[in-house]
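Following: one structure in structure tokens, then a few remarks.
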Protein chains: 2
Amino acid sequence: MKSPGKGKITGRFDADCLATREILTRIGDKWSVLLIVILGEGPQRFSELKRAIEGISQRMLTLTLRGLERDGMVKRTVTPTNPPRVDYDLTPFGHTLLAPVAELALWAQRHRPEVQQARDAFDRAEKKTVGRP
Amino acid sequence: MKSPGKGKITGRFDADCLATREILTRIGDKWSVLLIVILGEGPQRFSELKRAIEGISQRMLTLTLRGLERDGMVKRTVTPTNPPRVDYDLTPFGHTLLAPVAELALWAQRHRPEVQQARDAFDRAEKKTVGRP
DNA sequence: CCGGATCCTGGCCGATACTG
DNA sequence: CAGTATCGGCCAGGATCCGG
């Protein structure tokens, strides 16, 4: 988030929407939710995660994990063998987030056709408005 | 694009996580959730929304509303008086999204202190690691 | 194997000005 | 009042090299 202090948003949603925006900024990025869901199935090492996701860059995987770790949702465990081994796991706190996130994911899966349909209809309508022969 | 035709992400999350990413891309932006919540209280006209949010630019309000309308979550109603009047409202479909979103928002409000705390702890620990006197 | 550092690009978003 | 158009800054995020 940005620096608060000047942050007056609506007046009545003050704390509520600030909190919501904060968490949405965390998990609303490109990879966080996916990581949370995958880690929800059990601990994984770095390279497993990287292979599991397959579209993510090493950099973003590291950054996203760091962010989640910083907010207490992910636990990072280093085993100083050679070569080194690093495992990531959801904390109990992270698990409490898993529930509402899964809820949202479920909604997404259930209603995807409707969204697609609405989207197509909208685009068709727009095209008609624009293309006036 | 990596593997055209055979888009394999994780193998089993294929459709699920695609759908999730799609919806998160929609509502994970800067203003969508806020708009959904506000519109959840009833229909509002453009200028009311603009005043209600107070930090949003005219441009982003328009764009966000368009996006939500495109996906079938918001209904736009024009009353061709003079000056013109445009009302926005959640569709029934939009209302079904309101529930899981509210769930998430609730989580955010409930757990904000813990996040803050974890964040602080993490930053302190990092500082200790860096600053070796 | 893990992840830090650096460069670079696309797009998001805000500010402003202009139409109907 | 409601919306479009244009410009510009900023940052997320991908590619790559390097170091432990």
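Throughout, protein chains are lettered first and strands after them, A, B, ... in sequence-line order, and every chain is numbered starting at 1. Note that these values count all heavy atoms, side chains included, but never hydrogens, waters or copies made by symmetry.
- Each of A:I56 and B:Y88 has a nearest nucleotide on DNA chain D; the 5'-most of these lies closest to B:Y88.
- Taken residue by residue, residues 58-66 of chain B places heavy atoms nearer than 4.0 Å to DNA chain C at B:R59, B:M60.
- If you take CZ of B:R76 and C1' of D:dC1, they are 12 Å apart, rounded to a whole angstrom.
- By the salt bridge (charged side-chain N to carboxylate O under 4.0 Å, His left out) test, A:R70 pairs with B:D123, sequence neighbours left out.
- The span of DNA chain C lying next to chain B, judged by atoms under 4.0 Å from heavy atoms, is bounded 5' to 3' by C:dC13 to C:dG20.
- In this structure A:R76 satisfies the salt bridge (charged side-chain N to carboxylate O under 4.0 Å, His left out) test with no other residue, sequence neighbours excluded.
- Checked against side-chain contact (heavy atoms from CB on, under 4.5 Å), B:T25 has no partners two or more places apart in sequence or in another chain.
- Distance A:L24 CG to D:dA12 P: 16 Å, rounded to the nearest Å.
- By the salt bridge (charged side-chain N to carboxylate O under 4.0 Å, His left out) test, A:D87 is found to be paired with A:R85, residues two or more places apart in sequence or in another chain being considered.
- Take A:Q58 and apply the side-chain contact (heavy atoms from CB on, under 4.5 Å) test, not counting sequence neighbours, and it matches A:F46, A:K50.
- A distance-only check finds no donor-acceptor pair linking the side chain of B:E41 to the backbone of B:V37 [under 3.5 Å].
- Across the protein-nucleic acid pair, A:E54 atom CD and D:dG14 atom C1' stand 15 Å apart, rounded to whole Å.
- Under the salt bridge (charged side-chain N to carboxylate O under 4.0 Å, His left out) criterion, B:D120 pairs with no residue, sequence neighbours left out.
- Between its opening and closing five pairs, the helix from C:dC1-D:dG20 to C:dG20-D:dC1 changes axis direction by 40°, a value rounded to 10 degrees.
- Judged as a side-chain contact (heavy atoms from CB on, under 4.5 Å), and not counting sequence neighbours, the contacts of A:E103 are B:P100.
- Qualifying ring pair (Phe, Tyr, Trp, His ring centres under 6.0 Å) partners for A:F122, counting only residues two or more places apart in sequence or in other chains: none.
- Under the side-chain contact (heavy atoms from CB on, under 4.5 Å) criterion, A:Q117 pairs with no residue, sequence neighbours left out.
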